Structure formats: structure tokens, C-alpha cells
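Below is one structure, written out as C-alpha cells; the observations come after it.
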2 protein chains.
Amino acid sequence: MTKRQARGQARMEQILAAAAEAFAESGYEAVSTNTIAARAGISPGSLYQFFANKDDIARALAERYAAQLAELRSAAFDGADLAALPLDQLIGAITAPLVQFNLANRGFKALFARPDLPPSLTTAVAPLHAALLGRVSALLSVRAPGVAPDVVERTATVAIQLVRAMMPLIVAADGAERAALEGELRAVLHGYLEPVIG
Amino acid sequence: MTKRQARGQARMEQILAAAAEAFAESGYEAVSTNTIAARAGISPGSLYQFFANKDDIARALAERYAAQLAELRSAAFDGADLAALPLDQLIGAITAPLVQFNLANRGFKALFARPDLPPSLTTAVAPLHAALLGRVSALLSVRAPGVAPDVVERTATVAIQLVRAMMPLIVAADGAERAALEGELRAVLHGYLEPVIG
DNA sequence: GGAGAATACGAGCGAGTGCTCGTATTTGTC
DNA sequence: GACAAATACGAGCACTCGCTCGTATTCTCC
């Protein structure tokens, strides 16, 4: 158990930033640890001073994303009465910051949006998935108190999946096309959720 | 340009079948050409008698899938009046055989359902994507003649994306849960398309 | 049955991977 | 300033990858 110095903390941030960039460009498997080190401006050996292996980098990145998403949620939902908000506004209040987050963190989708992660990575992003599922399930329960738990969970899973599927399209587009696709995402969610939580 | 014998054709089928299985289990990158050869019961050298490289295998597989899908479409739509069918039934008539196809060809999603394919693979599956987009666009145009072409294309893209996103969930489940998720897929499509092609 | 083409083999190539290790330098603490 | 801990380096290890090549076998066709 080594005690990190300020310099070490900064290096870890450098490495994670470099890894996120690289993953965003080429995907997890295609990025070598030597490439990450080079992009971070350090040697391969130094990288392993801070992370046990490549998966550990993904894990740390997923953790950082989870924390940022938690902050995002707090900021967006503070003071709003989720149970009372019209569905339109609820969807808008959730998707808008999510799109912003994905635009600002383009490495996110490389870890989160893939349907078939390598087994090692599955472990790394499982907490992130679980946290999101729990959050959305809770929200749905508040809006539709009568629905059975297993139905709530299935509905939440599908809703998350829909957002995951649309996000790459939205991020890849820009200008008017991006705005249009954001509208489509809201329409999809509205069409799916309206019968459940009118 | 070598002339294939019957034996050679059979070998190519063996190889494609082995590759599809392996891709379904582990994903494209994680599968080595030596593993494909071993699963097909041949040597690495023999594999390259029939395919120029790994991407070529994916390309051939994508081609085969495209042909099978085309047949599927013909079988499902023959004699039905697509313009007149109620939306519910139209969606059912399309999604049901699609689910069957994905269950029977579990390697399909490894080539088609991923948002971030390696560049080489993008070329291999591009024709498949284009064919599907064209088919769905044409269908939407028939159902909603007044809509602008760029809107039709965007709607088709989104609809395809929704199916792509839901399919792994459906295939991974079974029994009652699979049936429920199929229902969710229909609900998603209905909710999204109803305002466009009521 | 003989010639040429197609099919088959499998050891092993060059390149690239994730990662290590011996060594050198910088930092915090007294 | 001394000493240990933390940080930094980068050549190179063991391994796997996609793929090749020399050689051997089997098929087709006259």
C-alpha cells in the first residue's frame, strides 16, 4: 500500500484522461497500454506504478464516470418534485444533462454502450450498471407505485437500453441533426413510458 | 481465381459456421483465426485457402446473413398489403421473424449489434446496414407518403437502432422473460412509430 | 494413369501485446 | 543533509496474434 503524493495523483488523472481519449477513438481492445502511456507522456513502467493492469484502468475510469453521473443527478434533481413533473419535462430534465455528459466524456460509451464487453471489463462496469438500474427503478416506482417490482425492473432496463442505443447516434451527429436526434430520443422514451407512468 | 470444388464449398460453410459460433460466444476481436480453424476441424493454413484474412471471413458471414434476411423478408411479406395492415400487426409481422432469425443465428449480433466496430469490419457490414436502412425507409415511405425523405431516413435509422438495442436482451433471456421482452420491443416500436405512421 | 489444379497440413514468421524489473531520480520528513 | 519512500524510466520478457510457405495429398479431366 503506497502513499500517493500530489504528483502521483496528478499522474493518475493524466493516465485516465489519456485512456478515455484513446478508448473513445478506437475502443477498449484496440488501445494498448503502451499507447496510453505514450499519450499520457510517461513510460510504460510508470503506468504500472499506478494501475495494476489494463482492466484496472477501465475500472478506475468507470468509477470516475459513476461519481460524475451521481453529481449530475444531484444537480439536476435538486428541488424538483419528480413525482409531480409532467412526463415531457421529466424526460427532458434527464436526457439533456445525459447528452451533455456524453458529449463531454466521449470515452464513456466505449465502456458503457457496448453490448458485448470482454469478461474482465464486465466486472469493471457492473457497479455502474447496477447504480443506474437502481436509480431508474426507484424513479419509476415513485411515478407508478402500483406496478410490480419485476415489471419496474424490466421497464427500467429497457429504458436504459434505449438511451444507450440512441446516445452514439446523438454524439456522432452535430448541429441540427443532433438536435433532431435528441428529439427522437425524447419521443422514444415518451412513447414507451407514457402507458406505464402517464 | 481458383475454381472451387464441392469439397471446398463444404469447407467454406464449415469455416463460416465455426466462425459464427465463436463470434457469438466471445465477440469478433477475441476470436483468433487459429481458433476458428480448430473449431472447423482444419489447419490454419487450410483456412487461408478459402479466405484472404480474418476480415474476409466476417465479410462473407455478413453477406450470408444479408441473403438470409432477404429471404426472410420475402417469406414474411408475400401477399400481405403492408400499406393497409394495422400498425400492431405490421410490427408483429416484422419483429417475430427477426427474433427467430437472431435466435437461430447468434453470431449475427457480434457483427451487427455493436456500436463501435473496428474500422475494417465497418466496411464488411456496411452493405448489410445499407440494405436494411433502404428496406425500412421504403416501408415507412409507403405508410407515410407525405413525410420528407430526410425525416424518413432518420426515423428508419432510429427504428433499426431500437431493434438492435433490444435484440441482445431478448436473445439473452428465455421463457416468459423473453416473451415479455419481445412485448416490450413491440411496445417501444409502437410508441415511437404511432405518431408518424398511425 | 498421368498431369495439373485444388485442397490440406502445421511449424513457425514477424509484429505487437500486456507487463516486469533493475536502476535512476525526485520528494517528503527528520 | 540524510534516508526512505514514491516516482520515473525503457529495454525487453513471455506470449498471442494473423498469417505464410514448403510440402504432401486428393480431386478433376483427358
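First the proteins, then the strands, lettered A, B, ... as listed; each starts at 1. Values in this document were obtained by computation on a predicted structure and should not be read as measured data.
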To the nearest Å, give me how far apart [atom1] ([X]) and [atom2] ([N]) are.
X: A:Asp55; N: C:dT17; atom1: CG; atom2: P; answer: 16 Å
X: B:Arg11; N: C:dA5; atom1: CZ; atom2: P; answer: 22 Å
X: A:Leu47; N: D:dG10; atom1: CG; atom2: P; answer: 14 Å
X: B:Arg4; N: D:dT28; atom1: CZ; atom2: C1'; answer: 16 Å
X: A:Gln49; N: D:dC9; atom1: CD; atom2: P; answer: 10 Å
X: A:Phe51; N: C:dC19; atom1: CZ; atom2: P; answer: 13 Å
X: A:Gln14; N: D:dA8; atom1: CD; atom2: C1'; answer: 12 Å

query = For the residue pair A:Phe112 and A:Tyr65, is the inter-centroid distance of their aromatic rings smaller than 6.0 Å?
reply = no

key: Minimum side-chain heavy-atom gap A:Leu90-A:Arg143 below 4.5 Å   = yes

query = Are A:Leu87 and A:Glu194 close enough that some pair of their side-chain heavy atoms sits under 4.5 Å apart?
reply = yes

task = Could you go through the side-chain contact (heavy atoms from CB on, under 4.5 Å) check for A:Asp116 and B:Lys109 one step at a time?
result = CA-CA 9 Å; A:Asp116 63 336; B:Lys109 72 173 206 308; 5.5 Å; no

Between [X] (side chain only) and [Y] (backbone N and O only), is there a donor and an acceptor less than 3.5 Å apart?
X: B:Arg106; Y: B:Leu103; result: yes
X: A:Thr35; Y: A:Val31; result: no
X: B:Arg178; Y: B:Ala173; result: yes

ask   = Which nucleotide, D:dA8, C:dC19, C:dG10, lies nearest any side-chain atom of B:Ser43?
value = C:dG10

message = Nearest to the A:Phe50 side chain among C:dT7, C:dC19, D:dT7, which nucleotide is it?
response = D:dT7

ask   = Would B:Tyr28 and B:Asp55 count as having a side-chain donor-acceptor pair, cut-off 3.5 Å?
value = yes

Minimum heavy-atom distance B:Arg164-B:Pro168, with the two atoms named = O-CD, 2.9 Å

task = With DNA chain C as reference, determine whether A:Asn53 or B:Gly41 sits nearer its 5' end, using the nearest nucleotide of each.
result = B:Gly41

ask   = A:Ile42 near the nucleic acid: base, sugar-phosphate alone, or nothing, with a heavy-atom cut-off under 4.0 Å?
value = sugar-phosphate

Give me, pair by pair, the N or O atoms of the protein and of nucleotides 20-30 of chain C that are less than 3.5 Å apart, along with how far apart they are.
none

ask   = Hey, does the side chain of B:Lys3 come within less than 4.0 Å of C:dA6's phosphate (OP1/OP2), counting only N and O?
value = no

query = Under a 4.0 Å heavy-atom cut-off, which of residues 16-35 of chain B touch DNA chain D?
reply = B:Val31, B:Ser32, B:Thr33, B:Asn34

